[in-house]
Amino acid sequence: MDSRDTDLPPDLRDAAQQDPPRIPHPIPSSPYFPETTAAALAAVIVLCLVFLLTSLHRLNHTDLWGHLCYGRLIMSHGLPSSDPFSAETALPAADFVNVPWLAQVTGFLTWKWLGYEGLVLGHAGLALLSSGLLMWAIRLRGVELRFAILGTALSYMVALPQIGTIRPQLFGTAAFPLVLVATSLVPQRRHPFLWLPLLFIVWANLHGSFVLGLATLGICAIGHSWDAWREKGWAAILADTRTRYRWLLVAACCLAACVNPLGPFLLWKVACFGFSPALDNITEWQPLVIKSLGGSLFFLSVLLTAWILCRSQGRLDTYEVLLLFVFALLALLSMRMLAWWALIWPWVVICRAPRRSTSTSVPDWNYPIASRNTMRTLFALACVFVTLLWSPPSQAIISGQQRGIGAITVDNTPLYVADRIAEQGDKGNLICPLDWADYILWKSGTSLRPLVYSHVHLVSQRVWDDYLQILRGDPNWLSLVDHYQLDYLLLSRGRNQMLRRSIERHPRAEIIYQDQRSLLVRLAAAAPVAPVRSE
């Protein structure tokens, strides 16, 4: 002890012998720069990861290219009145429906302005928009932001099997969370009556999934009507303000969805779309398989739902039970519906998740801990900047050095044979594997018309059966080729081996291109049969 301390009074002497008070680190803040909470920073990080992971997907060789062909046709000739691309549809012009014409035009203009990188960038942007709006929708249910972030992350994981493919459905998955937002707001706010019908006007021209949005609004109205009836009888349904406003919102959105080239007829055509017999042959429209990735993620989400509801102290409302049941049933009946289950179940379930106490001990020096600071804002901006640099499409567009088509498309895309067709300008009717047809349409400028392409709902069952017989190499394949007046056959060496062996030794077949993956054959016209003269 210092000798000078002995001269102090006893109370001051004891205070001098104690450790000096700790001075907390200053928390960066500024009145001229926005401040961010830890939860908001976590939300930015999750959304950046959604954008980055989605941008790593490459362009798939499915209906993307067919939709781009439609967009190119609409921009030059207007809306088609019948199937403009198939060699044979056997479908009356009155039954032809092209719902996503606005999405097709948007996709084509994106390609025209930003190239193939723009398509990948648009894919990531729509996934980001869907996740951000879903986070907002969950937050509006009174859920803490950290739980809304968790629900958004789980939603993205469950939807992984569907997220990787670029198609007009992405516009629907971005619009659907706004229906959930309106569902939470409409009892207390009136502005959803203004913007939600406008959303359905656009949505009905982007993709047929707008009927799922109408179904969600209707289910919520039915659930609240049921609860009002159970409490006070039938008269309570009209007397209850919340129920009445929900039905008015359903009616307004139904009327708004009729603003499309087909009018109210579109509602019926979209509702009947899933019953097309040709869709039974498409994997993504078949029932969910438990052993698949989508099936495993679905059942894991169901188990998580059961665990949360068992530990939750509250009970689900009627409309929540109906939503879970309907969308789970749709997902089981069709793999394509998994994306919509991934949006609805976290919105319903996360608000029932058990929560721990958030109380924390106060530091000894009783210094108030700020919930916001400027440094987190800087971290958030850094995350956005790094995401744009690491994301392949944004990096390519910013730098002006776009990747080649081979790096952007999936491996099974028929790039080389499509380039050969585009260079030679081949014209006529063609048969090829279904997953190649749309890209051949796109690269050939629709000069080669495939017998069947991704719009299988436009072909009859007879045409579909004949298409399969030809590619299988059935004994009557040549007669079917002549019946449909096919000029070219594009075969996969791995999938069409029997047909390839038959063609290689056939006198009418001329192999005009081949590589390790594909075989392009031109068929000579059948020799005319001389008439038999009677003596």
Side-chain angles (χ1 to χ4, degrees), residues 63 67 70-71 74 79 96-107 122 126-127 129-130 133-134 136-137 155 159 162-163 165-186 192-222 246-276 279 284-285 319 322-323 326-327 329-331 333-334 336-344 347 455 457:
D63 52 352
H67 288 301
Y70 270 96
I74 293 171
L79 294 174
F96 174 76
V97 177
N98 182 38
V99 179
W101 68 271
L102 184 58
Q104 294 163 349
V105 171
T106 304
L126 288 174
L129 180 62
S130 177
L133 292 176
L134 178 61
W136 179 33
S155 172
Q162 297 292 329
I163 286 179
T165 303
I166 306 179
R167 49 168 53 108
Q169 175 179 297
L170 293 173
F171 289 98
T173 56
F176 189 79
L178 288 175
V179 175
L180 304 179
V181 168
T183 301
S184 300
L185 292 177
V186 72
F193 283 92
L194 298 177
W195 57 263
L196 191 61
L198 296 177
L199 172 69
F200 272 92
I201 292 176
V202 179
W203 193 356
N205 294 279
L206 286 171
H207 191 250
S209 58
F210 72 92
V211 296
L212 296 176
L214 294 177
T216 300
L217 293 175
I219 290 173
C220 292
I222 291 173
R246 290 187 185 279
W247 282 113
L248 288 175
L249 187 61
V250 172
C253 293
C254 286
L255 291 176
C258 296
V259 183
N260 62 81
L262 294 177
F265 183 63
L266 179 66
L267 297 174
W268 172 253
K269 294 300 295 183
V270 173
C272 298
F273 174 80
F275 298 98
S276 175
L279 295 179
E284 62 183 9
W285 286 102
Y319 75 95
L322 292 175
L323 285 174
V326 170
F327 280 87
L329 181 62
L330 291 175
L333 294 177
S334 173
R336 188 76 172 266
M337 295 294 112
L338 184 63
W340 309 103
W341 165 259
L343 292 171
I344 202 71
W347 181 77
H455 287 50
H457 59 282

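Start at 1 with the first residue, then count along the sequence. All heavy atoms count here, side chains included; hydrogens, waters and symmetry mates do not. Predicted model, so just to flag it, every value in this text is computed and none were measured.
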Side chain of Ser130, backbone of Leu126: donor and acceptor closer than 3.5 Å? no
I'd like to check Leu343 versus Ser155 (side-chain heavy atoms, cut-off strictly below 4.5 Å). Are they in contact? yes
Quick check against the 3.5 Å criterion: does Arg246 have a side-chain atom that pairs as donor or acceptor with the backbone of Thr183? yes
Considering only heavy atoms from C-beta outward, does the side chain of Trp285 approach that of Met337 to under 4.5 Å? yes
Are the side chain of Thr165 and the backbone of Gln162 linked by a donor-acceptor contact shorter than 3.5 Å? no
Determine yes or no for a side-chain-to-main-chain donor-acceptor pair under 3.5 angstrom, with Asn205 supplying the side chain and Val259 the backbone. yes
Close side-chain approach of Leu217 to Leu249, heavy-atom, < 4.5 Å: yes
What is the ring orientation for Phe176 with Trp340, classed by angle as parallel under 30°, tilted 30 to 60°, or perpendicular over 60°? perpendicular
Closest heavy-atom pair, Val181 versus Leu133, reported as atoms and distance to 0.1 Å, is CG2-O, 4.3 Å
Just one of Val202, Asn260, Leu266 clears the side chain to side chain contact (heavy atoms under 4.5 Å, CB included) bar with Phe210, so which one? Leu266
Whether over 12 other heavy atoms sit under 6.0 Å from Trp268 CH2: no
Side-chain heavy atoms of Pro197 within contact of Leu255, under 4.5 Å: no
Side chains of Thr216 and Phe327: does their closest heavy-atom pair fall under 4.5 Å? yes
Please walk me through it: do Val326 and Leu329 pass side-chain contact (heavy atoms from CB on, under 4.5 Å)? CA-CA 5 Å; Val326 170; Leu329 181 62; 5.8 Å; no
side-chain contact (heavy atoms from CB on, under 4.5 Å) between Leu330 and Leu212, worked out: CA-CA 11 Å; Leu330 291 175; Leu212 296 176; 4.1 Å; yes
Can you find a pair of side-chain heavy atoms, one from Gln104 and one from Asn98, that are under 4.5 Å apart? yes
Leu102 versus Phe171: any side-chain heavy-atom pair under 4.5 Å? no
Check: Trp203 ring centroid to Phe200 ring centroid under 6.0 Å: yes
Determine whether Leu180 and Ile344 make a side-chain contact, defined as any pair of heavy atoms from C-beta on separated by less than 4.5 Å. yes
